[in-house]
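Read through the structure below, which is laid out as structure tokens, and then see the notes.
Both backbone and side-chain heavy atoms feed into the values below; hydrogens, waters and symmetry mates do not. Each chain gets a letter, A, B and so on, in the order the sequences are listed, and its residues count up from 1.
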Amino acid sequence: MSHGSTKLNKNDISSEIDLHVNEVTVAYNNGHVALFDTTFDLGAGTICALVGVNGSGKSTLFKTIMGFLTPTRGSVTIGGKPVQVAQKQNMVAYIPQAEDVDWAFPVSVMDVVLMGRYGYMNFLRIPRATDLEIAIESLRRVNMLDYKERQIGELSGGQKKRVFLARALAQRGRIVLLDEPFSGVDVQTEAAIIELLRELRADEHLILVSTHDLGLVPSFCDQVVIINRTVLAAGPTHDTFTQENLARAFGGTLRDLRIDHTDAPDGTSNEFRVLSDDEEPLIFGHDGRLVDHWHPGIDEEESK
Amino acid sequence: MIELLLTPLHYEYMIKAIVVSGVIGGVCGLLSCFVTLKGWSLMGDALSHAIVPGVAVAYLVGLPFALGAFASGLLAAVVMGVVKSKTRIREDAVIGIVFTTFFAAGVLMISLFPSNISLKTIVLGNILGIADSDIIQMLAISAVALLVLVLKWKDLLLFAFDPNQAQSIGLNTTRLNLMLLILLAATAVAALQAVGAVLVIAMLVTPGATAYQLTDRFGRMMLLACGMGIVTSMLGAYISYFLNGSTGGCIVCLQTLVFLMAFFFAPKYGIVAARRKARRTTDALLISGDAHPVPALRGL
Amino acid sequence: MNLSYLIEPFQYRFMVEAMLMAALVGGTCAVLSCYLVLKGWSLMGDAVSHAVLPGIVLAYIVGAPLAVGAFLAGLLCASGTGWITNHSRLKGDAVMGVVFTGLFALGLVMFTKVTTDVHLNHILFGSLLGIERSDMLQAVIAATLTLVILAVVRKDILLYLFDANQARAVGLNTTFLHYLFLALLSLTIVAALQAVGIILTVAMLIVPGCIGLLLSDRFGRMTAIASGAAIFSAIAGTYLSYFLNGETGACIVLTQAIILTLAALFGPKYGILFRARAARRAAAGREQ
Ligand SMILES: Nc1ncnc2c1ncn2[C@@H]1O[C@H](COP(=O)(O)OP(=O)(O)O)[C@@H](O)[C@H]1O
Ligand SMILES: [Mg+2]
């Protein structure tokens with residue numbers, strides 16, 4: 001595929017944050033190729049789920065988009081610019097996996113949120129009045145203002161997540177990367193995060209969420225990229241989040257139940273298949289499209 | 001020429017030094033496999049420094065040096081355990097605090113009560129001038145450590161690899177932990193005289209690290225590390241005759257050299273092999289059909 | 001015991017100079033120790049301070065300032081360790097153990113081959129009381145440089161250590177920060193080496209940071225406490241060593257250790273006694 005095909009439409013206002021992952025291959029220093037020939041494009045106003053089993057390369061892809069790993073082949077561009085340039089302009093905000101953070105570090109909630117503002121501060125990183133205002137406003141948005149003087153280790157799992165979400169808000173990055181944001185988080189925080197992501201989408205942000213929690217995906221993501229060392233499928237949730245693709249990505253790790261209703265009174269073929277990771281069953285019709293899903297808390301009535 | 005190469009072997013003190021170094025190198029090599037896999041390098045370093053006050057006291061009151069050294073090493077390990085469980089300081093910092101404090105105490109003691117022990121000998125070792133009584137102590141320690149390792153290496157391996165599993169099959173992990181600590185302290189005491197407090201950690205890490213680059217099997221790793229320990233230690237002691245000193249320096253330089261060779265050229269995990277593997281895998285994946293992106297994903 | 005006896009040490013110029021040197025070096029080490037302790041890099045201070053030996057010997061051979069050689073060797077150790085760790089399957093601590101002992105051993109072997117007027121004893125154990133003018137000058141320059149640079153980049157380095165990905169995301173050059181930090185560490189070690197020697201430098205790079213960590217959970221306060229404790233220990237330790245007639249460096253480190261013990265026992269929030277009392281109260285509360 002030529003680089004020409006990734007050219008942007010210059011008239012498109014949102015094009016400055018279009019994310020192009022172009023034939024990216026990433027090898028770790030031990031010679032393990034964690035991603036190869038990975039290609040997809042995403043634009044503003046999108047929430048995209050990055051789905052794959054553990055070890056499929058989700059975090060690797062994030063680290064590559066962040067410029068932490070350099071692809072051995074291919075390239076990642078943001079609005080046509082290399083990652084490093086985009087970062088200088090504070091375009092990419094990132095919310096780390098909980099395991100990657102040292103919670104004993106002697107910093108307060110406010111300190112962490114202010115870290116999102118470093119790119120705007122002078123080189124001594126002394127916060128200006130606007131930085132403090134933005135930090136406080138971001139904390140208010142995630143409902144954590146009361147905790148701003150707490151040491152970060154003294155928070156619950158959900159509160160910790162919110163603090164990092166506030167940091168991303170304070171950074172004003174238009175691309176937001178969340179690595180497994182729902183692991184170890186209570187149902188309210190989950191709902192609050194999703195609500196906030198929807199607001200950001202309405203605000204023309206591009207949000208990329210990695211997860212292996214399948215049940216949540218259809219309820220708030222409009223695009224899905226399914227990976228297993230490379231992209232297995234990518235596109236709008238309705239077309240991509242199909243039983244066939246998921247079975248391909250998750251293989252034997254999901255339960256596959258077949259419920260046949262062909263003897264229904266109207267006589268039409270009415271076969272259902274249920275894929276389940278034992279928490280949230282996904283129900284597919286005979287065309288392999290998702291017809292129903294259930295996730296505790298979020299949209300209970302909706303899916304009844 | 002041959003004559004020149006054989007001269008060190010004409011001296012009894014050289015023969016002794018070579019043999020004792022080899023024995024200690026071998027035992028340290030075996031133990032180094034556990035140290036590298038368990039991430040205990042700092043612990044090895046710590047114990048070798050923490051035994052200094054014990055050595056000082058032992059000399060002052062006229063006890064065998066090994067006894068004092070060993071007691072003080074164990075005391076340090078206990079203090080580390082207590083501090084770690086009672087404070088919020090990270091483990092590595094706890095180890096650092098305890099061993100440097102012990103070492104400082106040793107230095108102060110030696111400076112307060114000048115005797116015929118020199119701090120420099122403790123820190124840098126002096127195997128060429130080792131007394132016969134010390135040789136006996138070192139050989140005894142090595143023999144016991146070797147025996148325990150040969151009998152118990154499978155338990156220790158499981159403990160190093162997966163302590164939870166070890167516990168669940170009914171092994172007493174507290175005891176295994178203690179056993180490994182005691183072995184570490186004992187070999188540190190033995191190695192102290194050969195290479196000195198500073199370089200003990202090399203004997204307790206480098207052979208294991210080298211062997212780990214070369215093999216995936218633990219049994220083979222122990223053999224390789226042990227062999228490397230013996231050969232480098234004997235050769236190092238031998239070479240130090242020509243360089244006129246610093247046996248420890250020679251031994252450790254050799255070990256580092258071997259490590260570097262393994263790092264670059266190991267058949268599977270060497271840096272050259274890894275580069276080749278990444279290139280080959282990428283090529284293979286690109287040639288095989290699955291590598292091509294699903295056509296539908298352009299222009300989301 | 002009268003007052004004039006107690007102030008006797010202050011009447012000697014070499015004692016006052018030693019105290020000032022120790023305070024400067026100790027304070028600088030303390031600031032760096034905060035970063036090392038937080039990051040779990042205690043072995044790094046240990047490693048770099050040993051690895052400077054071949055640099056010192058080489059500098060002596062070519063006639064360069066010893067501090068320059070030491071600095072370069074320290075940097076080589078730190079960056080070599082990082083590189084090998086990234087390219088092998090070994091744990092970082094093992095690689096560091098291999099690299100620094102390799103360099104130290106090389107230094108020892110080289111040392112026996114050149115006849116120098118540098119005393120190995122001075123490098124190993126320092127010579128605070130007999131420190132020479134030129135060495136003092138080098139140490140003052142190294143320490144001042146470190147402190148000034150740290151004052152400028154302290155927040156960037158803190159962010160880098162806390163969350164390197166975020167540092168990158170806000171556009172910081174993390175590679176530069178990494179090597180800058182290692183360079184500052186080497187520089188500090190060079191300064192400290194002249195005063196207290198290799199092995200006790202390691203202590204001064206760990207203990208004060210832990211004191212700070214036990215007494216505070218804000219980084220700024222932690223640094224202030226650490227350097228305060230280190231400066232106090234430097235002066236008190238040197239002062240005590242005058243009366244004890246023992247190694248000055250060892251006295252300084254032991255004073256630090258005593259302060260650490262007090263902090264661990266009586267610290268207001270994380271102290272052992274405080275926690276025990278809190279636990280008792282909680283238990284009593286539950287019973288009611
Ligand atoms: N630092 C590393 N060195 C070598 N291999 C790695 C490293 N990090 C991850 N890997 C490997 O790369 C693959 C992808 O990992 P990762 O991106 O973390 O997966 P995910 O986030 O989807 O669970 C895994 O097989 C993992 O073992
Ligand atoms: Mg991951």
Side-chain angles (χ1 to χ4, degrees), chain B residues 35-37 39-42 44-45 49 83 86-97 100-101 103-112 119-120 123-124 198-199 201-202 204-206 208-210 212-213 243-246 248-253 255-257 259-260 263 269 271 274, chain C residues 36-38 40-43 45-46 50 84 87-91 93-109 111-113 120-121 124-125 198-200 202-207 209-210 213-214 244-247 249-254 256-257 260 264 270 272 275:
Chain B
V35 174
T36 30
L37 291 183
W40 268 15
S41 309
L42 186 53
D45 196 27
H49 285 82
V83 176
K86 295 277 181 201
T87 68
R88 65 194 208 116
I89 304 174
R90 273 168 175 274
E91 180 170 19
D92 66 301
V94 170
I95 297 177
I97 293 167
T100 51
T101 306
F103 187 79
V107 171
L108 184 66
M109 257 184 248
I110 292 172
S111 69
L112 288 184
L119 202 49
K120 202 169 145 185
V123 170
L124 301 179
V198 173
L199 291 178
I201 175 189
L204 283 171
V205 172
T206 312
T210 311
Y212 189 52
Q213 285 288 98
L243 293 181
N244 211 351
S246 187
C250 290
I251 294 175
V252 175
C253 275
Q255 294 194 336
T256 313
L257 220 58
F259 170 82
L260 286 176
F263 169 67
Y269 297 107
I271 188 166
Chain C
L36 291 175
V37 163
L38 286 178
W41 278 356
S42 303
L43 189 53
D46 190 10
H50 284 90
I84 294 184
H87 289 86
S88 75
R89 63 201 205 114
L90 289 160
K91 294 198 175 115
D93 67 311
V95 175
M96 201 173 277
V98 173
V99 172
F100 93 76
T101 51
L103 282 167
F104 187 81
L106 183 68
L108 276 184
V109 172
F111 203 91
T112 54
K113 284 289 94 186
L120 198 50
N121 266 334
L124 287 174
F125 307 110
I198 287 181
I199 300 162
L200 296 177
V202 180
M204 302 198 13
L205 281 169
I206 301 176
V207 183
C210 294
L213 188 64
L214 285 174
L244 290 177
N245 201 13
E247 270 291 329
C251 288
I252 295 174
V253 170
L254 289 173
Q256 289 185 349
L260 179 83
Y270 298 105
I272 294 170
R275 281 191 182 178

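- For B:Val205 against C:Ala94, the heavy-atom pair with the smallest separation is CG1-O, 3.4 Å.
- Scanning both residues, C:Asp93 and B:Trp40, for their nearest heavy atoms gives OD2-N, 3.7 Å.
- With chain C as the partner, the residue from B:Ile110, B:Ile97, B:Val107 showing the most heavy-atom pairs under 4.5 Å is B:Ile97.
- Within the 4.5 Å cutoff, side-chain heavy atoms of B:Gln213 are placed close to those of C:Ser88.
- With a 4.5 Å cut-off on non-hydrogen atoms, B:Leu260 touches chain C through its side chain but not through its backbone.
- Inter-residue side-chain proximity for C:Phe100 and B:Ile201 is flagged as met; some heavy-atom pair is nearer than 4.5 Å.
- For chain B, the nearby part of C:Leu200 is the side chain; its heavy atoms alone come within less than 4.5 Å.
- C:Ala264 meets the side chain to side chain contact (heavy atoms under 4.5 Å, CB included) test with B:Thr87, C:Leu214; sequence neighbours excluded.
- Among C:Asp46, C:Val202, C:Leu36, the residue with the largest count of heavy-atom pairs under 4.5 Å with chain B is C:Asp46.
- Taking chain B as the reference chain and counting heavy-atom pairs below 4.5 Å, the highest number among C:Val253, C:Leu90, C:Val37 is found for C:Leu90.
- The choice from B:Lys86, B:Arg88, B:Gln255, B:Lys120 that makes the most heavy-atom pairs within less than 4.5 Å of chain C is B:Arg88.
- By number of non-hydrogen pairs under 4.5 angstrom with chain C, the leading residue of B:Thr101, B:Thr36, B:Leu243 is B:Leu243.
- For the residue pair C:Ala105 and B:Gly249, the shortest heavy atom distance occurs at CB-O, 3.4 Å.
- Across C:Arg89, C:Glu247, C:Gln256, the residue that shares the most heavy-atom pairs under 4.5 angstrom with chain B is C:Arg89.
- In plain terms, the two heavy atoms of C:Thr101 and B:Leu199 that are nearest each other are O-CD2, 3.6 Å.
- Heavy atoms of B:Ala209 lying under 4.5 Å from chain C belong to its backbone as well as its side chain.
- C:Arg275 meets the side-chain hydrogen bond (donor to acceptor under 3.5 Å, both in side chains) test with no other residue; sequence neighbours excluded.
- Of all non-hydrogen atoms in C:Cys210 and B:Ile89, the two that sit nearest each other are SG-CG2, 3.6 Å.
- Of the two parts of C:His87, the backbone and the side chain both hold a non-hydrogen atom closer than 4.5 Å to a non-hydrogen atom of chain B.
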Note to self: Walk me through whether B:Val198 and C:Ile198 qualify under side-chain contact (heavy atoms from CB on, under 4.5 Å).
What the structure shows: CA-CA 10 Å; B:Val198 173; C:Ile198 287 181; over 6 Å; no

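- Only the side chain of B:Leu124 comes within contact range of chain C, judged by heavy atoms closer than 4.5 Å.
- With a threshold of 4.5 angstrom between heavy atoms, B:Arg90 approaches chain C through side-chain atoms but not through N, CA, C or O.
- Considering all non-hydrogen atoms of both residues, B:Leu108 and C:Cys251 come closest at CD1-SG, 3.6 Å.
- In this structure, B:Asp92 and C:Leu43 have side chains that are not in contact, with every pair of non-hydrogen atoms separated by 4.5 Å or more.
- Interface residue B:Phe259: only side-chain heavy atoms are found under 4.5 Å from chain C.
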